[in-house]
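Labels below follow one simple rule: chain letters A, B, ... track the order of the sequence lines, proteins then strands, and each chain is numbered from 1. Side chains included, hydrogens not; waters and symmetry mates left out as well; all remaining heavy atoms used.
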There are 2 protein chains.
Amino acid sequence: MQEEIPGTKKRIRADAARNEDAVLEAAKTVFATSGVDAPVREIAKTAGVGVGTLYRRFPKRSDLVVAVFKREVDACAADAKTLAKDHPPGEALSRWLRRYCQFIVTKKGLASALHSGDPAFDALPDYFRSNFEPALQNLLSAAAKAGEARSDIDAYDLLRAIGNLASAGSTSGGKAGDDPEHHEGMQHTYRMLDLMIDGLRYGKSG
Amino acid sequence: MQEEIPGTKKRIRADAARNEDAVLEAAKTVFATSGVDAPVREIAKTAGVGVGTLYRRFPKRSDLVVAVFKREVDACAADAKTLAKDHPPGEALSRWLRRYCQFIVTKKGLASALHSGDPAFDALPDYFRSNFEPALQNLLSAAAKAGEARSDIDAYDLLRAIGNLASAGSTSGGKAGDDPEHHEGMQHTYRMLDLMIDGLRYGKSG
DNA sequence: TGATAAACGGAACATTGTTCCGTATTTGGA
DNA sequence: TCCAAATACGGAACAATGTTCCGTTTATCA
């Protein structure tokens, strides 16, 4: 979260840094497994840490939720750059859109928390957009310039469209289980996504 | 809630009936004042009743929320009939739409509960629509027949439109306070509503 | 290596939903 | 009118959870 800023008084203790990371990682796992409403204690235990430690870094439960969310937004946005480096533009675009779709699907539970009215989450939508829109815009532009995708699609529109697709296709809640209906819904979602991607890359417009 | 059905074994005890009503009334008040997340104890105390009494009638907190919601839907829908009896068709229509708008505004907190994924609330949207759509349809038809409103508007569309208007204009949460911004938003909402009503009654179409 | 600041862990506290049960009230019949 | 059974009542007690507190442990640095 916060780097070594020159002006900062003291270094962060090694164990503290290690634990902060462990907590974030545990929270990510637990949120995915048991939903965003999972008890703080469960996260602390998974991280192999006492609740006190967790609360020192994240004074409110919502702070932890926000931190995990931002961290995953960062990771997903960062993947855009990686994919752009490792693949031809059209392919990078396709892959990232699938990656993004997966992000949305796994954040379903969180999404409902966002609209819960808790002011703690007010900043998240902006964070979401300000990271994803440029990330996608770059992929889109590169693909368009290479003639590997149409150029008349707005990044934000696409983000929203896929977001809607994905939320419509997943059962509400945010747990992870092996619910078969859930899997069918997912398959359907990914099929629709592929349709959009194909349209984007090979559609009649240029 | 449940009437005297001939097949029923025993009569409901008088104090029980009285208390059920007191609880519903108290819940309505408390939800309006402190939001739908208000503690059960506060509702019980307001009703002048122990929590045990409350829980016998409403085994889950959500049961109480649902009951209050339905009761207010009933009340609002019933007002449509009353207004139709006491006013000329166009006027009845106007008045009821304002009444409905007020209903929506005060149920903002509840609305977010609806989309919380809790299956306890799954039946509410249907209840909402199946009561309000016919109620409005009647007013609309009567007004149209009397030449006091245009006839090309769908009842459900109108319900949704006003619903959106009202939710957009109110600050999230569902509390009641004297927040001045909230009041401004409300004024704006009602101004927009009046615009729609005027369009409905005096617009160019017949 | 030892002093000190920083961090740790988890018991303890506060709030809330829910259950339990001894007590009080209503009801229907004698 | 009065009694016994049925019913309902109230609120203490329990469980789950977020959050705070503080005695103990550990990392850092000279």
Trainee: Output the rounded distance in Å from CD (A/E42) to C1' (D/dA16).
Mentor: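 Going from A/E42 (CD) to D/dA16 (C1'), I get 13 Å.
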Trainee: Between D/dT19, D/dC14, D/dG10, which nucleotide gets closest to the side-chain atoms of B/V49?
Mentor: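 The nucleotide sitting nearest to the side chain is D/dG10.
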Trainee: Using only side-chain N and O atoms of B/R57, determine if any of them is under 4.0 Å from OP1 or OP2 of D/dC9.
Mentor: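 Looking at the OP1 and OP2 atoms of D/dC9, one of them is under 4.0 Å from a side-chain N or O of B/R57.
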Trainee: Rounded to the nearest Å, what distance is computed from the CZ atom of residue A/R61 to the C1' atom of nucleotide C/dT15?
Mentor: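 Computing the A/R61:CZ to C/dT15:C1' distance gives 15 Å.
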Trainee: C/dT27 P sits how many Å from B/R18 CZ, rounded?
Mentor: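 My rounded result for the distance is 8 Å.
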Trainee: Heavy atoms from C-beta onward define the side chain here; which of D/dT19, C/dG28, C/dT18 lies closest to that of B/R11?
Mentor: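 Closest nucleotide to the B/R11 side chain: C/dG28.
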Trainee: Considering only NZ, NE, NH1 and NH2 on the basic side and carboxylate oxygens on the acidic side, decide whether A/R71 and A/E25 come within less than 4.0 Å.
Mentor: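 The answer is yes: the pair qualifies as a salt bridge.
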Trainee: When the distance from CZ of A/F58 to P of C/dA7 is rounded to whole Å, what number comes out?
Mentor: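 Roughly 13 Å, once rounded to whole Å.
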Trainee: Can you check whether A/T53 has a side-chain N or O nearer than 4.0 Å to OP1 or OP2 of C/dG9?
Mentor: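 Looking at the OP1 and OP2 atoms of C/dG9, one of them is under 4.0 Å from a side-chain N or O of A/T53.
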Trainee: With respect to the side chain of B/D15, which nucleotide from D/dG18, C/dG17, D/dA8 is positioned closest?
Mentor: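 Side chain of B/D15 sits closest to D/dA8.
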Trainee: Is B/R56 near enough to D/dC9 that one of its side-chain N or O atoms lies under 4.0 angstrom from OP1 or OP2?
Mentor: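 Looking at the OP1 and OP2 atoms of D/dC9, one of them is under 4.0 Å from a side-chain N or O of B/R56.
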Trainee: What is the separation between atom NZ on A/K60 and atom C1' on D/dT17, rounded to the nearest whole Å?
Mentor: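 For the pair A/K60 NZ and D/dT17 C1', the rounded distance is 13 Å.
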Trainee: What I want to find out is whether A/E72 reaches A/K107 closely enough, with some N-O distance under 4.0 Å, to be called a salt bridge.
Mentor: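 Salt bridge between A/E72 and A/K107, a charged N being under 4.0 Å from a carboxylate O: yes.
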Trainee: Choosing from C/dG10, C/dT19, C/dG17, which nucleotide comes nearest the side chain of A/V51?
Mentor: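 The closest nucleotide is C/dG10.
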Trainee: Quick check on DNA chain C: between B/Y55 and B/G52, whose nearest nucleotide comes earlier from the 5' end?
Mentor: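 The 5'-side residue here is B/Y55.
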Trainee: Send over the distance from B/I43 CD1 to C/dG17 P, rounded to a whole Å.
Mentor: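 Taking atom P of C/dG17 as the reference, CD1 of B/I43 is at 8 Å.
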Trainee: Figure out the CG/C1' separation between A/N19 and D/dT26, and round it to whole Å.
Mentor: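 Interatomic distance, CG of A/N19 to C1' of D/dT26: 11 Å.
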Trainee: Would you mind reading off the distance between B/E20 atom CD and D/dC9 atom P, rounded to a whole angstrom?
Mentor: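 So the two atoms are 10 Å apart, to the nearest Å.
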Trainee: So, is B/R13 close to the D/dC9 phosphate, meaning a side-chain N or O under 4.0 Å from OP1 or OP2?
Mentor: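 No.
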Trainee: Should the ring pair A/F128 and A/F69 be called parallel, tilted or perpendicular, given that the plane angle runs from 0 to 90° and is split at 30 and 60?
Mentor: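 Ring orientation of A/F128 relative to A/F69: parallel.
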Trainee: Any idea which heavy atoms bring A/D79 and A/W96 closest together, and the distance?
Mentor: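 Heavy atoms only, the tightest pair is C-CD1, 4.0 Å.
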Trainee: State plainly whether the residues A/E20 and A/R56 are in salt-bridge range, i.e. N to O under 4.0 Å.
Mentor: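 Result for this pair is no, no salt bridge flagged.
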